[in-house]
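Have a look at the structure below, then the notes.
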Amino acid sequence: MKSITWNTQKRYRPYEQWSTEYKKELLHSVAQSQWRLNYHIQPVTGLLNDPNGFSYFNNQWHLFYQAYPFGAVHGVKSWYHLVSDNLIDWQELGLALQPDSKYDSHGVYSGSAFPLGDQLLLTYTGNVRDQEWERHSYQLGALMDTNNEITKISTPFIPSPPAGYTQEFRDPQIFKYEEKYVMLIGAQNTKQEGQILTYISDDLKEWQFIGPLSFTDKKMGFMIECPNLVFYKGRPILLFCPQGLDKNICHYDNIYPNMYVVAEKFDLATNTLVGASSLKNLDEGFDVYATQAFNAPDGRALAISWIGLPEIEYPTDQEGWAHCLSLVKELHLIGDVLFQQPIQESKKLQTTPMQKLKGTSSTESFDLHTNSYEAKLTFTKDAKGTITLFHDPIKNNGLTISFDSKHGKMKVDRNHSEHPFATAFGSQREFEITKQPLNLQIFVDSSVVEIFINQGEQTLTARYFPEKSATAITVMTDKNWQGTLFPLRSMKK
């Protein structure tokens, strides 16, 4: 299709003004992509970003994401709605919340969902621009019934930021705690410092501001996005995205990090995470952001991430689509370490036959002739080696993961690609791992990989854009090792 020179006018063009011919061309362009995914959530067309409204309601799992359907750019946003019976196969219900009111005319921004009997309360930020193009942020609500019909609440929950804060004020999360409804909002104060603001309510109508959440004495950059507080056996886990964070506080290489802290308890009376840990990276890879989590009624703490980053161009942008969501992950704590594991339901993706692997201290390559598989690999505690995914042995391209389990080191490298991107932020990530036998659970899906290290003690997520012939996994190590390969089916819609 013809490329578009995107400007503000085009990004904020009303949805109904896009022609049928253009939308057909966009669908055709996306359909030609060699990098479309099999079992990850991806946009039909255009751009996908933050997961929103992750919840369980009316005997189904519900998930929304921010969407701009008309191109791989950040235009005027809506929420796109999906439902699932098993957290693996997602049915697309289409656009749900659209920018059609005076409080969200320039974008339906991120938020959360909270079941209220036979209704699901959706909370989100409405973005409005005035004639001078200055931003105004409103914290809004909508109610969805059991037929998935949504009615917006006519007046804002919170019409403006509190004194001392700018209009960078968004991404509300609502949950119930100690008989109060609590709303956390990402914010920026007038000193251009990122904070998380806390509001409380008895009735979900009148909201009282009780101040910034206390969880660190460090400055959290110039803005905090996507705050989420969930609990594991009563202990709070705070997920958030501090933009502009000083790397001396916690090192990261991505343009913006997704981080977490854990604490002993949440003291609502003092608005404090008591005994909060230091900041830690949620993911060791290149492309995780805006993770959303909630405490499900089955007792699990579940999370899902945007696999993509703000302000970064990706190779699929030229095809008219961008980004995806991660697999759903289950969270739990061991001490102050957050473990993320693929949910048990992910086994439903496995197809037969399983291929057993048993390697020696040499180089061995396995080609499934597909980039839709799960690999489980186990190495001894004194092994060194390299795993190459999306491998083309002739061109020697691929995503490499180097490890040294004896000294506790790992490095991922996407330099060897015919489609490099985001190189300004580096093409390698190096980090420490626990010195022990190394267990890797690897999910490969066309142009994305999710790796769970040592039962999810760490995760590593990356986009990588291979050629069609690059479908091998190659292992080079100095010790004997073993593993299994499972071909994975596509998502049922």
Give me the ring orientation class for [X] and [Y]: parallel if the planes are under 30° apart, tilted from 30 to 60°, perpendicular past 60°.
X      : Y      : answer
Phe57  : His62  : tilted
Tyr177 : Phe266 : tilted
Tyr256 : Tyr289 : tilted
Tyr464 : Phe390 : parallel

Whether the side chain of Asn86 engages the backbone of Ile88 through a donor-acceptor N/O pair (distance < 3.5 Å, no angle test) should be reported.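 Indeed, once roles are kept as given, a pair shorter than 3.5 Å links the two residues.
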Does Asn371 use its side chain to pair, donor to acceptor, with the backbone of Val444 at less than 3.5 Å? no
First locate atom CZ of Phe443, then atom CD of Gln441, and finally report the distance between them rounded to the nearest 0.5 Å. 4.5 Å
To the nearest 0.5 Å, what is the distance between CD (Glu168) and CD (Glu225)?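 With rounding to 0.5 Å, CD (Glu168) is 8.0 Å from CD (Glu225).
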[X], [atom1]: over 12 other non-hydrogen atoms inside 6.0 angstrom:
X      : atom1 : result
Lys218 : NZ    : no
Glu432 : CD    : no
Lys280 : NZ    : yes
Glu178 : CD    : yes
Glu92  : CD    : yes

May I ask you to establish whether [X] and [Y] are in a cation-pi arrangement, using a distance under 6.0 Å from NZ or CZ to the six-membered ring centre and at most 45° from the ring axis?
X      : Y      : result
Arg414 : Phe286 : yes
Lys247 : Tyr252 : yes
Arg36  : Trp321 : yes

Quick check on the 6.0 Å ring-centre criterion: do [X] and [Y] meet it?
X      : Y      : value
Tyr15  : Phe70  : yes
Phe403 : Phe379 : yes
Phe157 : Tyr138 : no
Phe64  : Trp79  : yes

Does the side chain of [X] come under 3.5 Å of the side chain of [Y] through a donor N or O and an acceptor N or O?
X      : Y      : result
Asn58  : Thr146 : no
Glu284 : Thr459 : no
His74  : Glu311 : no
Thr434 : Glu457 : yes
Thr400 : Lys411 : no
Gln119 : Asp145 : no
Asp287 : Thr461 : no
Thr125 : Ser137 : no
Gln455 : Gln341 : no
Gln195 : Gln188 : no
Gln482 : Thr378 : no

Using side chain to side chain donor-acceptor pair (under 3.5 Å), reason through Ser447 and Asp445 one step at a time and then give a plain yes or no. CA-CA 6 Å; Ser447 58; Asp445 187 3; over 6 Å; no
Pair Lys265-Thr272, side chain to side chain donor-acceptor pair (under 3.5 Å): steps then yes or no: CA-CA 8 Å; Lys265 65 177 182 177; Thr272 300; over 6 Å; no
Charged N to carboxylate O under 4.0 angstrom, Asp100 versus Lys152?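 The answer is yes: the pair qualifies as a salt bridge.
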Run Asn228 and Leu238 through side-chain contact (heavy atoms from CB on, under 4.5 Å) and show every step you take. CA-CA 6 Å; Asn228 264 239; Leu238 177 66; over 6 Å; no
Verdict with reasoning, Met144 to Asn148, per side-chain contact (heavy atoms from CB on, under 4.5 Å): CA-CA 6 Å; Met144 188 177 78; Asn148 297 322; 3.5 Å; yes
Quick one: do Thr216 and Val261 satisfy side-chain contact (heavy atoms from CB on, under 4.5 Å)? Show the steps, please. CA-CA 9 Å; Thr216 180; Val261 300; over 6 Å; no
Does the side-chain contact (heavy atoms from CB on, under 4.5 Å) test come out yes or no for Leu327 and Ile343, once each step is laid out? CA-CA 8 Å; Leu327 295 171; Ile343 53 173; over 6 Å; no
So, do Tyr124 and Asp104 sit near enough that their side-chain heavy atoms are less than 4.5 Å apart?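 Of all side-chain heavy-atom pairs linking Asp104 with Tyr124, at least one is under 4.5 Å.
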Non-hydrogen side-chain atoms of Asn258 and Asp283 separated by less than 4.5 Å: no
Could you please spell out the steps behind the side chain to side chain donor-acceptor pair (under 3.5 Å) verdict for Asn127 and His106? CA-CA 5 Å; Asn127 183 49; His106 291 70; over 6 Å; no
Using a 3.5 Å cut-off and no angle test, enumerate the donor-acceptor pairs between side-chain atoms of residues 292-302 and protein atoms at least two apart in sequence or in another chain.
residue: Gln292; atom: OE1; partner: Gly53; partner atom: N; Å: 2.9
residue: Gln292; atom: OE1; partner: Phe54; partner atom: N; Å: 2.9
residue: Gln292; atom: NE2; partner: Gly111; partner atom: O; Å: 2.9
residue: Asn295; atom: OD1; partner: Phe231; partner atom: N; Å: 3.0
residue: Asn295; atom: ND2; partner: Phe231; partner atom: O; Å: 2.7
residue: Asp298; atom: OD1; partner: Arg300; partner atom: N; Å: 3.0
residue: Asp298; atom: OD2; partner: Arg300; partner atom: NE; Å: 3.1
residue: Asp298; atom: OD2; partner: Arg300; partner atom: NH2; Å: 3.0
residue: Arg300; atom: NH1; partner: Glu345; partner atom: OE1; Å: 3.0
residue: Arg300; atom: NH1; partner: Glu345; partner atom: OE2; Å: 3.4
residue: Arg300; atom: NH2; partner: Glu345; partner atom: OE2; Å: 2.9

Full working for salt bridge (Lys or Arg N to Asp or Glu O under 4.0 Å) between Asp336 and Arg235: CA-CA 10 Å; Asp336 284 346; Arg235 293 190 63 191; 2.7 Å; yes
